[in-house]
> 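Starting off with a structure, shown below.
Quantities reported herein were computed from a predicted structural model and do not represent experimental measurements.
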Amino acid sequence: MEVVVKIANEPLNPTEAVDHVTRPDCGAISVFCGTTRDNFKGREVVRLEYEAYPTMADKVIRELVEEIGGGDVRRVYVAHRVGEVGVGGVSCGSDQRKGSYLEEGMV
């Protein structure tokens with residue numbers, strides 16, 4: 001399985017993920033984009049701020065992909081923002097929640 005992990009200070013581009021995982025021998029692509037919403041538990045949100053230790057984040061993300069990937073999954077692209085992400089901004093390109101596409105083998 002080919003895995004790309006991107007920890008980025010700049011805005012994420014979902015097209016990058018699609019371009020990476022597209023293959024002529026695969027018939028489906030699943031993309032998840034987490035975005036900053038304008039509220040949380042009834043309170044206004046104007047931005048999120050993310051920090052990461054890139055080397056460790058890359059290692060842990062790759063371990064998680066290997067652990068839950070498999071089957072016919074051929075390519076995986078995981079991206080996560082660091083820094084400030086305003087309302088509507090894309091902050092991650094994989095689903096960490098139970099029942100995610102990757103966990104279900106649907107990537």
Side-chain angles (χ1 to χ4, degrees):
M1 175 174 28
E2 183 182 334
V3 179
V4 169
V5 175
K6 179 178 181 179
I7 309 297
N9 289 312
E10 68 275 353
L12 300 180
N13 180 353
T15 303
E16 251 182 60
V18 171
D19 289 347
H20 173 75
V21 300
T22 299
R23 289 173 53 122
D25 61 334
C26 293
I29 297 170
S30 179
V31 177
F32 172 86
C33 295
T35 59
T36 303
R37 60 181 173 217
D38 67 358
N39 67 88
F40 179 73
K41 295 186 177 182
R43 298 182 66 189
E44 180 184 25
V45 172
V46 295
R47 70 182 173 277
L48 295 176
E49 294 184 28
Y50 293 98
E51 295 179 357
Y53 178 57
T55 304
M56 181 171 286
D58 183 277
K59 179 181 182 241
V60 170
I61 290 169
R62 289 177 186 280
E63 289 171 356
L64 289 170
V65 168
E66 290 298 323
E67 182 180 321
I68 61 179
D72 289 335
V73 176
R74 306 251 172 70
R75 290 183 180 162
V76 175
Y77 182 99
V78 179
H80 207 295
R81 273 291 298 274
V82 292
E84 187 176 299
V85 182
V87 171
V90 177
S91 55
C92 65
S94 81
D95 193 348
Q96 301 94 355
R97 296 170 292 185
K98 183 162 178 55
S100 71
Y101 294 118
L102 182 58
E103 183 176 322
E104 300 300 329
M106 297 168 52
V107 174

> With sequence neighbours left out, write down each residue that passes salt bridge (charged side-chain N to carboxylate O under 4.0 Å, His left out) with E10, or none if nothing qualifies.
K6
> I'd like to know if Y53 and L48 are part of one continuous hydrophobic network [Ile/Leu/Val/Met/Phe/Trp/Tyr, side-chain heavy atoms within less than 4.5 Å].
no
> Give a yes or no on this: more than 12 heavy atoms of other residues, nucleotides or ligands lie within 6.0 Å of atom OH of Y50.
yes
> With no hydrogens and no angle check, is any side-chain donor or acceptor of S91 less than 3.5 Å from a backbone partner on G34?
yes
> Is any side-chain heavy atom of E16 closer than 4.5 Å to one of V4?
no
> Specify the closest pair of heavy atoms between V85 and V90, including all atoms of both residues, with the distance to one decimal.
CG1-O, 4.1 Å
> Can you list every pair that meets salt bridge (charged side-chain N to carboxylate O under 4.0 Å, His left out) and has a residue in residues 28-46, with sequence neighbours left out?
none
> What are the two closest heavy atoms between V82 and E51, and how far apart are they?
CG1-C, 4.2 Å
> Compare all side-chain heavy atoms of I61 with those of I7 and state whether any distance is below 4.5 angstrom.
yes
> Do you know the tightest heavy-atom contact between T22 and V18?
OG1-O, 2.6 Å
> If you round to the nearest 0.5 Å, how far is CD1 of I29 from OH of Y77?
13.5 Å
> List the atom of D58, the atom of V5, and the distance in Å for their closest heavy-atom pair.
OD2-CB, 3.3 Å
> Return the minimal non-hydrogen interatomic distance between V3 and R62, and the atom names on each side.
O-NH1, 3.1 Å
> What is the minimum heavy-atom distance between R74 and C26, and which atoms define it?
NH1-SG, 3.2 Å
> Should the pair E63-K59 be classified as a salt bridge under the 4.0 Å nitrogen-to-oxygen rule?
yes
